[in-house]
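Here's the structure we're looking at; comments come further down.
The chain is numbered in sequence order, starting from 1. Just so you know, ligand 1 is whichever comes first in the structure, and atom 1 is the first atom listed for that ligand. Atoms considered below: every heavy atom in the structure, side chains included; atoms not considered: hydrogens, waters and symmetry mates.
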Amino acid sequence: MSDTPAPVPEPLRSAALAADLEAADLRSEPLRRLWGEEADDALARGMREPILRAVADDTSVLATLGRLLVLGMPQPRRLVEAALPRLGVDGLVALGLATADTELVTPTALLRPQSFVDADGIGEWWIASDLDEVALDGALPSDHVLGVGGASRTLAELVVPLQVERALDLGTGCGIQALLVARRAGSVVATDISARALAYAELNAQLNGVSNIEFRQGSMFEPLAGEAFDLIVSNPPFVITPRSEGVPEYEYRDGGLVGDALVEQFVRTAPAFLTPGGIAQLLGNWESKGGVTGLARLEAWVPGELDLWVIEREQLSPLAYAELWIRDGGTTPRDAAFTPLLTAWLDDFAARDVSSIGFGYVLLRRGSGTPLRRTERLAQPVSGVGAALGVGIQAHDLLAQGMPAMLLTATDVTEARHLMPGNDDPSVIELRQGGGFARTVNVDPALAAFVGACDGDLTVGQIAAALADLFEVPFRELWDDLEPRIRSLVFDGFLVAAE
Ligand SMILES: C[S@@+](CC[C@H](N)C(=O)[O-])C[C@H]1O[C@@H](n2cnc3c(N)ncnc32)[C@H](O)[C@@H]1O
């Protein structure tokens with residue numbers, strides 16, 4: 001357990017701190033300019049020395065707050081008093097973010113500016129979280145409250161940009177997802193099993209002037225009995241952890257169950273907490289075991305009448321998975337603890353016949369009509385995932401009503417033709433998507449011609465009739481061949497319905 005106290009959120013003090021941070025311009029770009037891009041990037045890789053060297057003799061307000069709050073290093077009291085004129089050192093201590101004596105202020109938390117890209121564009125937040133391994137100079141306590149990490153950013157980017165009445169962030173941690181969805185929700189409920197995490201999340205909401213979030217403590221869906229949400233987002237504690245003695249159980253990543261049971265529990269339970277049409281989105285890990293792929297197991301957990309779209313981004317072997325998460329806890333192969341931990345992980349996977357572990361995103365929807373069921377592997381770099389998921393869902397609903405009368409080729413689509421040397425006819429024609437899921441699909445000349453003609457002049461029926469003439473095939477035959485592939489191009493955003 002942590003030796004440092006949890007924050008004590010208090011609106012007036014938080015507002016004073018926010019005003020001081022604003023006046024100091026404690027934002028990502030000014031800090032990056034202050035200590036340089038290379039030092040800034042080095043901090044992201046766990047090195048604070050380059051920043052310390054860059055601002056060693058700098059007693060400015062920004063450098064002082066940077067060392068104190070971004071790096072988590074003690075600073076002279078007189079400098080901190082000058083840097084926080086509204087809150088003062090006593091106020092910072094009262095918020096539970098530092099301890100102080102007459103000479104020195106010692107931070108007990110980090111407070112960093114975090115810039116974010118989501119479907120609404122770039123945002124910047126101040127996010128307080130526990131001191132990290134670098135600031136602690138050692139392993140993390142089991143009740144550590146994580147700051148914004150890679151997984152937080154992944155989830156933020158994949159949330160479908162919908163305006164909703166009620167949203168839920170389950171396992172809110174420092175509160176970053178709740179803050180993000182609060183921009184597009186009437187109200188948000190943010191839950192966590194950890195009172196410490198909720199204290200950070202509440203403080204962060206106050207610091208960022210966000211007032212439409214209600215915080216509740218409890219495990220999984222327990223604190224939400226009888227309620228329903230239009231949007232549920234969660235970066236749950238999905239890390240698969242062996243239940244053997246000596247293996248640390250980090251609250252921030254481990255829900256205490258065996259294997260991927262926490263993800264199973266989540267996807268089985270979440271639908272009951274969705275309004276009709278409501279969407280749940282989460283990150284997760286799933287095991288391929290006993291000869292059944294993780295994607296097939298996941299699909300079996302979700303009743304057939306629900307929409308389910310799973311995108312698996314990565315698959316790791318048991319060894320690669322174990323190494324990843326042992327290192328994440330701060331233990332490296334040079335440490336004596338590494339081998340016993342590796343043995344525990346590999347034994348657990350072997351005992352349960354796990355051959356690989358998938359990582360990806362899950363989207364569930366309480367849709368109506370023909371359910372959307374799609375599980376796929378996408379390893380290529382992606383962008384604007386939230387918007388792309390939204391396009392897919394909308395297209396699914398549209399196609400359920402029939403083929404749109406007129407289709408347009410999306411503006412980010414290009415065509416590549418590959419020819420054998422000396423041949424005039426292409427042996428491969430590819431359609432490539434510039435954004436979103438950046439898909440590439442192989443098409444035949446008829447489908448390529450169809451897509452090429454979707455420029456707003458002719459209806460779908462007129463294009464198909466012209467192609468039947470051109471290729472000298474009966475219309476019905478051509479249409480039966482093209483239609484499912486056109487539908488698939490509409491779902492994937494290569495073709496869009498004209499307004
Ligand atoms: C990976 S962190 C996610 C934090 C944050 N939402 C983000 O995206 O960065 C998982 C969070 O789930 C919380 N948690 C762990 N077990 C839980 C449970 N049984 N019920 C609810 N929350 C839980 C942890 O305390 C932690 O804050």
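Side-chain atoms of D328 and Y250 include no donor-acceptor pair closer than 3.5 Å. Using a 3.5 Å distance cut-off with no hydrogens or angles, the side chains of D230 and T275 do pair a donor with an acceptor.
Nearest approach of I240 to F349, heavy atoms of both residues: CG2-CE2, 3.7 Å.
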Below 3.5 Å only, please: the N or O atoms of ligand 1 paired with protein N or O atoms, distance on each line.
residue	atom	partner	partner atom	Å
ligand 1	6 (N)	G171	O	2.9
ligand 1	6 (N)	T172	O	3.2
ligand 1	8 (O)	Q177	NE2	3.0
ligand 1	8 (O)	N235	ND2	3.0
ligand 1	9 (O)	S152	OG	2.7
ligand 1	19 (N)	S219	OG	2.9
ligand 1	20 (N)	M220	N	2.8
ligand 1	22 (N)	I193	N	3.4
ligand 1	25 (O)	D192	OD1	2.6
ligand 1	27 (O)	G173	N	3.3
ligand 1	27 (O)	D192	OD2	2.7

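At a threshold of 4.5 Å between non-hydrogen side-chain atoms, the residues V159 and L180 do not count as touching. Looking at heavy atoms from C-beta onward, V70 lies in side-chain contact with L43 at the 4.5 angstrom threshold.
Across E124, E22, Q114, a single residue satisfies side-chain hydrogen bond (donor to acceptor under 3.5 Å, both in side chains) together with R27, and that is E22.
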